[in-house]
Asks: 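Starting off with a structure, shown below.
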Amino acid sequence: IDLSLLRFIRAELTRGYLLEHNEAKYTERRERVYTCLRIPRELEKLMVFGFFLCLDAFLYVFTLLPLRVLLALIRFITLPCYSLSDRRLLQPAQVCDILKGVIMVICYFMMHYVDYSMMYHLIRGQSVIKLYIIYNMLEVADRLFSSFGQDILDALYWTATEPKERKRAHIGVIPHFFMAVLYIVLHAILIMVQATTLNVAFNSHNKSLLTIMMSNNFVEIKGSVFKKFEKNNLFQMSNSDIKERFTNYVLLLIVCLRNMEQFSWNPDHLWVLFPDVCMVIASEIAVDIVKHAFITKFNDITADVYSEYRASLAFDLVSSRQKNAYTDYSDSVSRRMGFIPLPLAVLLIRVVTSSIKVQGALAYACVVLFYFGLITLKVLNSIVLLGKSCQYVKEAKMEEKLSQPPSASTPGKPSSKSASQDKLPEGASAEESFSASITSQPVQPSASTTPLLSTSSSDQFLTTPDGEEKDLIQDGSELKHRSAKKDLLEIDRFTICGNRID
């Protein structure tokens with residue numbers, strides 16, 4: 001027995017093994033570690049690109065939209081000087097611009113009836129736990145408003161610009177207009193309550209509410225990383241994180257403006273707010289990195305997928321400047337990310353005009369210079385974004401899709417003309433067509449064309465059919481529905497991919 005025990009102990013002390021016997025397993029584990037280490041860099045590259053896309057759409061509302069509205073009004077006033085050969089008083093894009101401008105002006109004056117000071121003291125009188133619950137409810141309400149709000153605006157734009165010779169199948173422009181105004185006002189008020197709650201958290205003495213609100217970000221990790229994610233779901237989550245980060249920056253700007261106004265624009269108070277602002281931003285970045293790192297690890301998704309997401313966002317920007325463009329870029333960002341700039345812009349204008357008093361010729365001169373500075377920033381940002389987007393599209397080898405018209409087909413039936421339409425002119429390369437069409441104006445479709453449901457190639461770029469759908473045998477109507485879903489699904493912020501919206 002002693003000899004056997006000694007032999008066992010010696011075997012335990014000298015026992016060896018070779019990891020190379022299962023080389024594939026350990027190589028995979030090492031690649032997972034490398035993927036987690038690459039996630040912060042790749043994610044932040046996507047976040048920075050998406051942030052400047054949102055900034056471009058946001059600055060558009062303050063800079064180019066007023067000028068476009070002015071040009072549209074000048075055209076409308078000088079209409080007798082133009083020939084009516086195109087049978088349109090205004091171009092569809094000009095009609096949409098005027099609608100946006102009128103909606104913003106009406107909503108701005110309506111927001112003057114909302115007392116920010118009374119709202120602040122009303123929220124400040126609530127308990128910490130109640131405020132925490134209110135803030136969570138506001139986040140959910142913001143997502144619901146964003147999901148339905150862009151549909152309301154799109155319905156208004158299409159109703160106002162739909163060719164009149166078609167059979168009327170809508171309730172009219174005026175009801176849609178009032179629905180849009182009501183939505184913008186309610187959404188702006190909701191964001192104002194969010195900003196006020198955040199302001200109360202910043203001004204609380206023990207910072208307990210701010211800590212609880214920041215911990216809510218870490219609760220988001222628990223609700224995300226331990227669930228199955230496909231590539232489309234992760235794309236939705238990435239878009240949501242981009243929109244959430246940009247919105248938080250604007251909310252922090254509003255909080256700083258209100259606090260600086262209360263302290264008579266004392267620069268010393270800005271340094272009091274600075275640590276809390278940095279803490280909120282740092283927690284948001286840390287939560288996003290941890291969340292995406294573990295989601296990609298648990299679902300075996302490589303870090304290269306973020307380059308695909310970036311190329312898809314870049315495709316939206318480039319395709320909005322093609323001859324066959326069917327939407328404005330700011331509206332494309334709204335659909336893709338769930339970021340609707342109009343309510344946020346109305347609120348920011350309301351806060352800035354109430355916080356900063358403009359008196360005297362010098363003050364108005366400073367406002368004019370600031371406006372020209374915003375226009376310069378917008379133009380430079382657009383030029384850089386367009387250049388980087390062209391680079392990303394070329395790296396993803398998607399430039400040939402830009403020379404094709406938007407794929408149009410009836411649900412369940414692929415277009416039979418797509419093969420003949422996708423051919424480039426003889427002697428013209430795809431790159432030449434790509435570079436020449438970026439600055440060209442959209443072409444007006446012929447009147448005889450039947451309206452068809454269209455989707456951009458970037459939507460198909462990230463859309464993959466479910467494996468179970470290939471094996472199921474469906475009846476006629478069900479098969480038609482599923483075929484349309486596979487071909488025409490737009491992977492935007494609020495499209496259900498699989499069985500969840502993230």
Side-chain angles (χ1 to χ4, degrees), residues 22-51 53 143 217-245 284-316 335-338 388-389 391-393 395-398 401 456-471 485-486 489-502:
N22 198 351
E23 181 179 351
K25 174 183 177 182
Y26 290 105
T27 302
E28 180 186 358
R29 298 295 172 85
R30 184 173 62 187
E31 290 300 323
R32 286 186 180 181
V33 175
Y34 292 163
T35 298
C36 286
L37 294 178
R38 287 180 58 198
I39 287 300
R41 180 169 177 264
E42 297 297 325
L43 175 64
E44 288 307 311
K45 286 166 65 175
L46 173 66
M47 288 290 176
V48 170
F49 182 70
F51 172 83
L53 291 180
R143 295 186 180 187
N217 292 331
F218 293 91
V219 175
E220 184 181 351
I221 297 179
K222 176 183 176 182
S224 302
V225 299
F226 299 112
K227 295 180 181 179
K228 181 175 176 58
F229 272 80
E230 300 294 339
K231 188 166 68 171
N232 290 341
N233 297 101
L234 186 59
F235 184 45
Q236 287 181 313
M237 173 169 284
S238 302
N239 290 334
S240 174
D241 291 337
I242 294 171
K243 177 254 183 182
E244 182 179 357
R245 188 176 294 188
E284 187 73 27
I285 295 175
V287 166
D288 288 342
I289 290 175
V290 172
K291 180 174 63 178
H292 283 264
F294 281 97
I295 285 176
T296 52
K297 177 184 182 297
F298 292 150
N299 294 277
D300 292 328
I301 300 176
T302 63
D304 297 330
V305 73
Y306 292 101
S307 299
E308 298 182 20
Y309 298 160
R310 193 174 56 200
S312 180
L313 296 177
F315 190 94
D316 288 339
R335 298 186 193 95
R336 183 70 72 178
M337 299 183 183
K388 298 298 290 186
S389 298
Q391 176 186 341
Y392 296 148
V393 169
E395 289 175 355
K397 299 179 180 179
M398 300 170 61
K401 298 180 181 180
S456 65
S457 300
S458 61
D459 301 327
Q460 299 175 356
F461 178 61
L462 287 173
T463 305
T464 53
D466 297 320
E468 297 178 357
E469 293 187 62
K470 299 178 181 178
D471 302 327
K485 180 179 180 180
K486 288 189 291 186
L489 176 65
E490 292 187 359
I491 307 301
D492 58 24
R493 174 64 189 93
F494 299 101
T495 300
I496 295 181
C497 296
N499 59 353
R500 55 179 286 140
I501 296 179
D502 301 293

Asks: Evaluate R245 against D288 for side-chain contact (heavy atoms from CB on, under 4.5 Å), listing each step before the verdict.
Replies: CA-CA 10 Å; R245 188 176 294 188; D288 288 342; 2.8 Å; yes
Asks: Just do the side-chain contact (heavy atoms from CB on, under 4.5 Å) check on E44 and I289 with the steps written out, would you?
Replies: CA-CA 8 Å; E44 288 307 311; I289 290 175; 4.1 Å; yes
Asks: Within this structure, what is the CD-OG1 distance for the pair E42 and T35, rounded to the nearest 0.5 Å?
Replies: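 If I round to the nearest 0.5 Å, the distance is 10.5 Å.
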Asks: Would you please name every residue forming a ring-ring contact (aromatic ring centres under 6.0 Å, His included) with F51, sequence neighbours left out?
Replies: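 Residues passing ring-ring contact (aromatic ring centres under 6.0 Å, His included) with F51: F246, Y249.
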Asks: Side-chain contact, heavy-atom cut-off 4.5 Å: N299 with K231?
Replies: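 Not in contact.
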Asks: So, T296 side chain and H292 main chain: donor-acceptor pair closer than 3.5 Å or not?
Replies: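 Pair found, side chain donor or acceptor close to backbone of H292.
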Asks: CD1 of I242 to CG of L46: how many Å apart, nearest 0.5 Å?
Replies: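 Spacing of CD1 (I242) from CG (L46) equals 4.0 Å.
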Asks: N233 versus K228: any side-chain heavy-atom pair under 4.5 Å?
Replies: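 No, every pair of side-chain atoms sits at 4.5 Å or beyond.
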Asks: Can you name the nearest heavy-atom pair linking C36 to A293, along with the distance?
Replies: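 Distance-wise, the nearest heavy atoms are SG-O, 3.9 Å.
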Asks: With rounding to the nearest 0.5 Å, note down the distance linking CD in E28 to CG in N22.
Replies: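 Reported value, rounded in 0.5 Å steps: 9.5 Å.
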Asks: Please enumerate all residues that pass salt bridge (charged side-chain N to carboxylate O under 4.0 Å, His left out) together with E31, with sequence neighbours excluded.
Replies: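 E31 satisfies salt bridge (charged side-chain N to carboxylate O under 4.0 Å, His left out) with no residue once adjacent residues are dropped.
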Asks: Answer yes or no: does atom CZ of R41 have more than 12 heavy-atom neighbours from other residues, nucleotides or ligands under 6.0 Å?
Replies: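 Counting other residues, nucleotides and ligands, CZ of R41 stays at 12 neighbours or fewer.
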Asks: Using side-chain contact (heavy atoms from CB on, under 4.5 Å), reason through R38 and D304 one step at a time and then give a plain yes or no.
Replies: CA-CA 9 Å; R38 287 180 58 198; D304 297 330; 2.8 Å; yes
Asks: Can you find a heavy atom in the side chain of R336 that is under 4.5 Å from one in the side chain of L53?
Replies: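 In short, these two side chains do not touch, never coming nearer than 4.5 Å.
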Asks: Return the minimal non-hydrogen interatomic distance between F235 and L313, and the atom names on each side.
Replies: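 Looking at all heavy atoms of both residues, the shortest contact is CZ-CD2, 4.3 Å.
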Asks: Check whether any side-chain heavy atom of S389 lies under 4.5 Å from a side-chain heavy atom of F49, and answer yes or no.
Replies: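 Sidechains of F49 and S389: in contact.
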Asks: Just so I know, are the side chains of L43 and Y309 near enough to count as touching, which here means a heavy-atom distance under 4.5 Å?
Replies: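 They are not in side-chain contact.
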Asks: If you compare all heavy atoms of F229 against all heavy atoms of I301, which two are closest, and at what distance to 0.1 Å?
Replies: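 For F229 and I301, the tightest heavy-atom pair comes out as O-CD1, 4.1 Å.
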Asks: Out of curiosity, E395 CD to K388 NZ, how far, rounded to the nearest 0.5 Å?
Replies: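 That separation rounds to 8.0 Å.
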Asks: Please examine the side chains of R310 and Y306, heavy atoms only from C-beta on, and report whether any two atoms are closer than 4.5 Å.
Replies: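 The answer is no; the side chains never approach within 4.5 Å.
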Asks: How close do R143 and S240 get, heavy atom to heavy atom, and via which atoms?
Replies: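 Shortest heavy-atom contact: NH2-OG, 4.4 Å.
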